[in-house]
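Contents: one structure, followed by commentary.
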Amino acid sequence: MNLRIPTLVSLPLIAACLTEGAPPDVDLDDLARKRCRGGFDCNDGNACTTDACVGGACVFTAVTAPTACDDANPCTWDDACQGAACVGTATLPLLSGDVTPDLEGWTGYLETTATTSDGQVVTVDTAATPSTQSVSSWGQPLAATWFATHDLEWRARVVTATSNPYDGSAVVFPAFSGWYGVGVEREQMVMLETGAVTWGDQSQSYPLATTAWHTYRLAFPATGGLALYVDGALALQRATFTAGAAIGFGDHTNDAGFDGTFQLDAVRLVPGASCPVGPPPPPL
Ligand SMILES: [Ca+2]
Ligand SMILES: [Ca+2]
Ligand SMILES: [Ca+2]
């Protein structure tokens, strides 16, 4: 493609068009050079520009209104125009801790009032209000194939937690259908115990002082299964993973006496190893 700068199109606009997926059969130089009869002669293939024919020449102007687009990158979401460029989001915040989860798109189940925010972190505390149920769990829908490109990362601290196989009072689900979760979801969930982190089926356990803040990252290897990293170190691995279209966290067990208190201050999706996008996200 000839990269000579046309007289009627600014360099930033050309750069944006070239990197934002103009169809290969559109030659922007030719477009800018040729005489046009109307805007229909000037399609640059870029949703972030309006295309016009002014005085017989094509003029491309960056959109100013919020406009959705497609950056042709499956590793990014919420693609939107920034000037003439289509920019997607590679790191997707899901929970900030600054407000209760319902205000950030999470659906709560049962004792939702046992989950609070102090303006900085979310606390799930079913230990303070033990009852027949003592369940306070939360789920958020995601694009069905999110795990193919991204890892799930969160920062958490346990105050007290109890668990038995398939039942935990401080858990994170990489697939969650709501309420208590179903069998396979409970099997592969991450359970935080006071002195360890385990899979829900307790097939593996990693000693850890969970009462300190740690960054947990659940990765989805291309070969299948799950890998859990704690502060960057591999802690747990399993061979199988059954995906879902939502994630979850909370105290999901209604077993008598299996209650706990734990805190989250961040949950987010970050690009996985198979899908690097730009510089790595800032540490939590
Ligand atoms: Ca356009
Ligand atoms: Ca995208
Ligand atoms: Ca419970």
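Remember, it's 1-based here, ligands and their atoms both numbered in the order they're listed.
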Would you kindly check if the NZ (Lys) or CZ (Arg) of R186 is within the cone defined by 45 degrees around the ring axis of Y166 and under 6.0 Å from the six-membered ring centre?
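No; the conditions do not both hold, so R186 does not lie above the ring face of Y166.
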If the cut-off is 3.0 Å, does any N/O/S atom of [X] fall short of it from the Ca ion (ligand 3)?
| X | answer |
| --- | --- |
| S169 | no |
| D259 | yes |
| V135 | no |
| D251 | yes |
| S134 | yes |

Examine D71 and say whether one of its N/O/S atoms is closer to the Ca ion (ligand 2) than 3.0 Å.
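Short answer: yes, at least one N, O or S atom is under the cut-off.
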Could you walk me through whether D167 and Y180 satisfy the side-chain contact (heavy atoms from CB on, under 4.5 Å) test, starting with their C-alpha distance in whole Å, then the side-chain angles of each, then the deciding distance to 0.1 Å, before giving a yes or no?
CA-CA 9 Å; D167 292 300; Y180 313 95; over 6 Å; no
Beyond-backbone contact of W154 with R268, side-chain heavy atoms, under 4.5 angstrom
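The answer is no, as the side chains (C-beta and beyond) never meet within the 4.5 Å cut-off.
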Heavy atoms, side chains only, cut-off 4.5 Å: are S136 and T126 in contact?
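Yes. Closest side-chain heavy atoms under 4.5 Å.
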Once rounded to 10°, what is the value of the angle centred on the Ca ion (ligand 2) between T76 OG1 and N73 O?
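Reported to 10°, the angle equals 70°.
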Given H252, which partner from the list F173, Y109, W179 fulfils the ring pair (Phe, Tyr, Trp, His ring centres under 6.0 Å) test?
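With H252 as partner, ring pair (Phe, Tyr, Trp, His ring centres under 6.0 Å) holds for just one option, F173.
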Checking C69 against C81 for the disulfide bond (SG atoms under 2.5 Å apart) test, could you report, in this order, the C-alpha distance in whole Å, the side-chain angles of both residues, the deciding distance, and whether it holds?
CA-CA 6 Å; C69 55; C81 297; 4.0 Å; no
For the Ca ion (ligand 2), what is the closest N, O or S atom on D79?
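Closest N, O or S atom of D79 to the Ca ion (ligand 2): OD2.
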Checking disulfide bond (SG atoms under 2.5 Å apart) for the pair C58/C42: CA distance, chi angles, key distance, verdict?
CA-CA 6 Å; C58 291; C42 301; 2.1 Å; yes
N46 near the Ca ion (ligand 1): N/O/S under 3.0 Å
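Within the cut-off used here (under 3.0 Å), N46 does place an N, O or S atom near the Ca ion (ligand 1).
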Short N/O/S contact of T50 with the Ca ion (ligand 1) (below 3.0 Å):
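No N, O or S atom of T50 is closer than 3.0 Å to the Ca ion (ligand 1), so no.
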Which of the N/O/S atoms in D44 sits closest to the Ca ion (ligand 1)?
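Closest N, O or S atom of D44 to the Ca ion (ligand 1): OD1.
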The Ca ion (ligand 1) is nearest to which N, O or S atom of D51?
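In D51, the N, O or S atom with the shortest distance to the Ca ion (ligand 1) is OD1.
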Determine the interplanar angle of the F241 and F220 rings, folded into 0 to 90°, and report it as parallel if under 30°, tilted if 30 to 60°, perpendicular if over 60°.
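Taking F220 first and then F241, their aromatic rings sit tilted (interplane angle of 30° to 60°).
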